[in-house]
Amino acid sequence: MSRIAIGFAAVAAAIVGLAPQVGAVPLSVRDSFRIGSGGNVFCSAESLGSDKALTGMFDRGYAITCRDAAVPVGQIYVLKGNGAEPAQRLAALRAARVRCEPAKAAQVKGVGSVDAIDCTLNDANVRYQVYQLRKGGSLYVAEGFAGYDSALQLGLASVVADQPVAGEVSIATTGAGDAAAFARVQAGALDASRALAEAYRRNNNGSYAESAEFFASVSQGGSGPSSRAEGLANEALQKSNLGRYEEADSLFSRAAPLVGSDPIVARQFRNYRAMHLLNQGDPKAALEELDKPVPNPPASDNVKELVIDAETAARLTAESPAARPIGGASGALLPQEKIEILDGQAAQLRGAALRLSGNLAGASEALARADSKLASVRGGKVTSIIWMRAQNLADQGAIIEASGNAAEAERLYAASVALLESTYPDSAVLLSARGRLAGFYARTGQQVKAEAMFKEIV
């Protein structure tokens with residue numbers, strides 16, 4: 001059966017300002033610059049304030065940051081010196097992280113012939129690429145993860161020309177090594193809170209193997225039992241989504257004694273265990289899991305006593321009209337809001353289990369209850385809620401299809417796709433939703449539509 005995997009995402013709000021036009025200002029006097037002029041990923045070079053490779057006042061260094069990556073994916077250096085010392089210095093620093101083959105000649109567009117060095121990380125199967133060129137008394141170097149080779153080459157060409165060089169930045173999905181290993185490297189460079197947010201983001205995109213690596217980082221480095229339990233339960237769910245059920249069982253067993261009385265973590269554990277059982281095609285066991293009691297948050301008398309504690313203050317700020325235009329509607333979720341979302345998710349999982357059990361009336365009622373509960377949290381505009389509501393629409397579509405109302409079923413399947421297109425474009429979960437719609441077309445004799453959509457997916 002298809003994976004249930006209704007993720008509960010951490011939500012982050014970001015305000016991005018547009019910088020003024022810099023015209024023809026040389027890169028050598030700028031703190032940052034965009035790498036390339038187009039492509040499927042936005043990358044930039046950000047000046048390094050300190051780096052062991054920079055030893056003189058005329059040395060420059062940049063970190064290559066890309067919007068899809070949690071940590072910098074490479075570095076660019078312009079080091080002064082005619083001798084071999086700058087290259088030897090970089091090679092010595094590099095040896096602590098990677099093992100490299102001898103340099104060979106290569107061509108970089110806009111630069112010409114350069115030395116190319118193929119490397120692999122010491123502790124992971126991830127390729128690392130180095131390009132270097134001597135010119136005008138300086139050593140120009142661009143190095144980083146091979147999957148971002150286009151960003152490395154464009155970054156090198158830009159610093160050599162001392163101005164941005166046009167070109168497309170694209171991320172390679174082949175020749176970059178093991179994607180999960182790459183995620184493990186990224187997760188190891190983040191603190192627990194950032195790793196957790198990145199883990200949820202990748203789960204919602206359907207990148208389960210990569211998400212598992214980030215959750216593993218949280219479970220190993222969490223500061224308390226609840227944090228480790230959350231990481232373990234989420235890592236278990238990713239393994240289950242990949243069909244590795246025995247590993248998932250082991251991780252759930254390790255998480256169980258750590259859950260304690262935390263109402264949020266307890267609900268996550270309950271829901272994720274139910275998803276794991278649904279992934280294995282056992283809706284009866286999933287319903288039994290969802291029936292298990294979970295702790296409720298302790299009651300607070302602060303509001304009655306007119307005491308505004310930290311949580312109340314956060315809620316008032318999030319709900320104020322002034323906060324909404326700058327992200328208040330999708331800012332950090334409050335504990336009670338997380339509980340509401342998780343309870344809504346439980347109702348949705350109950351609906352999925354009842355549908356798989358053949359109880360269509362009960363499933364329809366549970367899904368309607370779930371959608372109402374999810375919509376009550378900040379108007380249903382939280383990103384993770386949109387994901388779950390899209391899943392809810394698809395499940396309702398399956399129920400309506402079974403009742404024989406093809407027109408309404410098509411509307412619901414299409415609405416599910418539309419929600420994901422606006423929130424999770426180019427994601428695995430969007431492809432899955434399109435697959436469900438295409439399957440509906442195939443089942444209802446609309447072969448032309450079905451074939452066209454399956455072709456788009458492939």
Side-chain angles (χ1 to χ4, degrees), residues 14 16-51 53-54 59-79 90 94 97-98 106-119 121 126-136 138-177 179 182-183 185-186 189-190 198 425-426:
V16 180
L18 296 177
Q21 293 295 320
V22 294
V25 177
L27 299 188
S28 54
V29 297
R30 290 164 56 182
D31 289 332
S32 64
F33 61 90
R34 179 174 179 177
I35 296 176
S37 55
N40 56 21
V41 173
F42 178 91
C43 294
S44 65
E46 306 294 334
S47 180
L48 290 168
S50 62
D51 189 289
L54 309 178
D59 290 345
R60 287 184 284 136
Y62 304 87
I64 301 175
T65 61
C66 295
R67 191 167 289 170
D68 76 317
V71 294
V73 299
Q75 298 81 37
I76 301 171
Y77 297 107
V78 181
L79 306 178
L90 276 179
R94 198 179 296 132
R97 298 180 292 125
V98 300
Q107 293 291 318
V108 172
K109 185 177 180 181
V111 178
S113 181
V114 302
D115 289 335
I117 306 172
D118 295 328
C119 308
L121 295 192
V126 176
R127 285 187 52 220
Y128 191 89
Q129 186 69 47
V130 181
Y131 296 106
Q132 57 186 35
L133 168 74
R134 290 188 178 281
K135 181 178 180 181
S138 295
L139 176 70
Y140 295 86
V141 180
E143 60 180 84
F145 296 115
Y148 293 80
D149 187 68
S150 59
L152 298 179
Q153 294 197 31
L154 283 167
L156 180 66
S158 296
V159 293
V160 170
D162 205 15
Q163 62 183 8
V165 172
E168 181 175 307
V169 176
S170 59
I171 305 309
T173 55
T174 59
F182 185 21
V185 172
Q186 292 180 298
L190 299 177
E198 187 67 19
D426 303 317

Can you give me the closest heavy-atom contact between [X] and [Y], atom names plus distance?
| X | Y | value |
| --- | --- | --- |
| I35 | G155 | CG2-N, 3.8 Å |
| Y77 | D51 | OH-OD2, 3.2 Å |
| L90 | A53 | CD2-CB, 3.5 Å |
| L133 | S113 | CD1-O, 3.6 Å |
| A45 | I76 | CB-CD1, 4.3 Å |
| S44 | E46 | OG-OE2, 2.8 Å |

Taking only residues two or more places apart in sequence, or in another chain, which ones meet S150 in a side chain to side chain donor-acceptor pair (under 3.5 Å)? none

Residues in side chain to side chain donor-acceptor pair (under 3.5 Å) with Y131, at least two apart? D149, Q153

Residue set satisfying side-chain contact (heavy atoms from CB on, under 4.5 Å) with D115, at least two apart, ordered chain then number -> A103, Q132

Looking at residues at least two apart in the chain, or sitting in another chain, which of them share a side-chain contact (heavy atoms from CB on, under 4.5 Å) with A63? L48, P72

Determine, stepwise, if the pair V141 / L79 fulfils side chain to side chain contact (heavy atoms under 4.5 Å, CB included). CA-CA 8 Å; V141 180; L79 306 178; 5.6 Å; no

Is there a side-chain contact between V169 and Y148 (heavy atoms, below 4.5 Å)? no

Any side-chain to backbone donor/acceptor pair from Q107 onto V114? Under 3.5 Å, distance only. no

Apply ring pair (Phe, Tyr, Trp, His ring centres under 6.0 Å) to Y140 and list each qualifying residue two or more places apart in sequence or on a separate chain. none

Show the atom names and distances, to 0.1 Å, of all donor-acceptor pairs under 3.5 Å that link a side chain in residues 157-165 to residues at least two apart or in another chain.
from	atom 1	to	atom 2	distance (Å)
S158	OG	L154	O	2.8
S158	OG	V165	N	3.2
D162	OD1	L27	N	3.1
D162	OD1	S28	N	2.8
D162	OD1	S28	OG	3.4
D162	OD2	S28	OG	3.1

What is the distance from atom SG of C119 to atom CD of Q129, rounded to the nearest 0.5 Å? 7.5 Å

Salt bridge (Lys or Arg N to Asp or Glu O under 4.0 Å) involving R94 - partner list, sequence neighbours excluded: E143

Can you name the salt bridge (Lys or Arg N to Asp or Glu O under 4.0 Å) partners of D59, sequence neighbours left out? R89

